[in-house]
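One structure below.
All chains are named by letter (A, B, ...) in the order of the sequence lines, taking the proteins before the strands, and each is independently numbered beginning at 1.
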Protein chains: 2
Amino acid sequence: MNISSASQQSGLPLKTIRYYEDISLVRPARAANGYRDYSHADVHLLKFVQRARSLGFSIDECRLLLSLYQDENRASAEVKALALAKIEEIDSKIADLKSLRATLSTLAAHCHGDNRPDCPIIDDLAGRS
Amino acid sequence: MNISSASQQSGLPLKTIRYYEDISLVRPARAANGYRDYSHADVHLLKFVQRARSLGFSIDECRLLLSLYQDENRASAEVKALALAKIEEIDSKIADLKSLRATLSTLAAHCHGDNRPDCPIIDDLAGRS
DNA sequence: GCTTGACCTTCCAGTGACGGGAAGGTTTAA
DNA sequence: TTAAACCTTCCCGTCACTGGAAGGTCAAGC
């Protein structure tokens, strides 16, 4: 099928699908006229990547997941390790964001937020504690 | 002072400081030999930006914060609004990450993680639910 | 057969916020 | 005097795309 059908079925933008071919992530056949020709299996792979990306896996991680997906003899432990590492990454990001939030929240709470120029947020940024 | 002193005092890498000049965020004077010459006030602005960046403000937001910082007649309400908007952004990111984490966690929990090829994580990515 | 418009192709440039490294000028200490 | 430690500009690379231009192909309607 043409790229636009593949796009509809996978939920990925045209540009993204072309990009995935560029970086040899999902490579379709070519029709006689030079058009990309996606098989159902290709679309399946595109969907696979779409899901993995939406779960926060990087392109390189997707590449690994795809190879594991296509490896009949893979050990599920390898995939699980990848998922657990991702969870740790996510936890770390969440912790960072929470700490950020707390700081900003404290600053905002001390700012009266009116027409006067005094502002504890600015003061803090300026290093006046 | 030279750029390396400014770097030490602000905690920002040389490259970052030069980049901030490129994008007209913090522009130092130039010495006769062409070297950048940072005043104490410049270093103060660099530190200000460093703090704001570490709080998750984008460069453009830093630009706005800097102009507010340097505006004697600013209303603190404007700064507070920026901080509150940032908090909302952070909340939204945290929510996204938590949802991601829950999904991955469920998947990982159902994966036995041994040498067998059966893997519910891969199955889910492949759309076999 | 012709035109129109919807496809498709490749290629080039830009995003944000820098980082790496090359090529070359300046200063300072031994 | 020479070496090394600075400094400069410039260009490319990052990540995962996105936008747009220039041009080829195809299907439908007249």
Quiz prompt | Candidate nucleotides dC17(D), dC18(C), dT8(D), ranked by approach to the side chain of Arg36(B) - the nearest | solution = dT8(D)
Exercise. Indicate yes or no: does Lys93(A) engage Asp96(A) in a salt bridge with an N to O separation below 4.0 Å.
Key: no
Practice problem: Among the candidates dA16(D), dC11(C), dG20(C), find the nucleotide nearest to the side-chain atoms of Lys15(B). | Solution: dG20(C)
Self-check item: Any Ser76(B) side-chain heavy atom under 4.5 Å of Asp114(A) side chain
Solution: yes
Exercise. Using ring pair (Phe, Tyr, Trp, His ring centres under 6.0 Å) as the criterion, point out the one residue from Phe57(B), Tyr20(B), Tyr69(B) that pairs with Phe48(B).
Key: Tyr69(B)
Self-check item: Whole-Å gap separating C1' (dG19(C)) and OH (Tyr19(B))
Solution: 12 Å
Quiz item: Does Ser4(B) put a side-chain nitrogen or oxygen below 4.0 Å from OP1 or OP2 of dC7(D)?
Solution: yes
Quiz item: Taking only side-chain nitrogens and oxygens of Thr16(B), does any of them come within less than 4.0 Å of OP1 or OP2 of dA17(C)?
Solution: no
Quiz prompt | Verdict with reasoning, Ser5(A) to Asn2(A), per side chain to side chain donor-acceptor pair (under 3.5 Å) | solution = CA-CA 6 Å; Ser5(A) 305; Asn2(A) 279 348; over 6 Å; no
Practice problem: Return the value, rounded to whole Å, for the distance between atom CG of Asn2(B) and atom P of dG25(C). | Solution: 19 Å
Practice problem: To the nearest Å, give me how far apart CG (Asp60(B)) and C1' (dG16(C)) are. | Solution: 10 Å
Exercise. Would you mind reading off the distance between Leu12(A) atom CG and dA16(D) atom P, rounded to a whole angstrom?
Key: 14 Å
Self-check item: Candidates dG19(C), dC7(D), dC26(D) - which lies nearest the side chain of Tyr35(A)
Solution: dC26(D)
Exercise. Send over the distance from Leu14(B) CG to dC6(D) C1', rounded to a whole Å.
Key: 10 Å
Quiz item: Counting side-chain heavy atoms from CB outward, which of dC18(C), dT8(D), dT9(C) is closest to Arg30(A)?
Solution: dT9(C)
Quiz item: What integer distance in Å separates Gln50(B):CD from dC18(C):P?
Solution: 10 Å
Practice problem: Name the nucleic acid region contacted by Ile3(A), choosing base, sugar-phosphate or nothing; use a 4.0 angstrom heavy-atom cut-off, strictly under. | Solution: sugar-phosphate
Quiz item: Of all the nucleotides listed (dG21(C), dT27(C), dT10(C)), which has the minimum atom distance to the side chain of Asn33(B)?
Solution: dT27(C)
Practice problem: Please work out if Arg18(A) contacts a base, only the sugar-phosphate, or nothing of the nucleic acid, heavy-atom cut-off 4.0 Å. | Solution: base
Exercise. Starting at atom CG of Asp22(B), determine the distance to atom P of dT8(D), rounded to an integer number of angstrom.
Key: 12 Å
Exercise. May I ask you to say whether Glu21(B) pairs ionically with Arg18(B), meaning some side-chain N is under 4.0 Å from a carboxylate O?
Key: no
Self-check item: Whole angstrom value for the distance that separates P of dG13(D) from CD1 of Ile23(A)
Solution: 16 Å
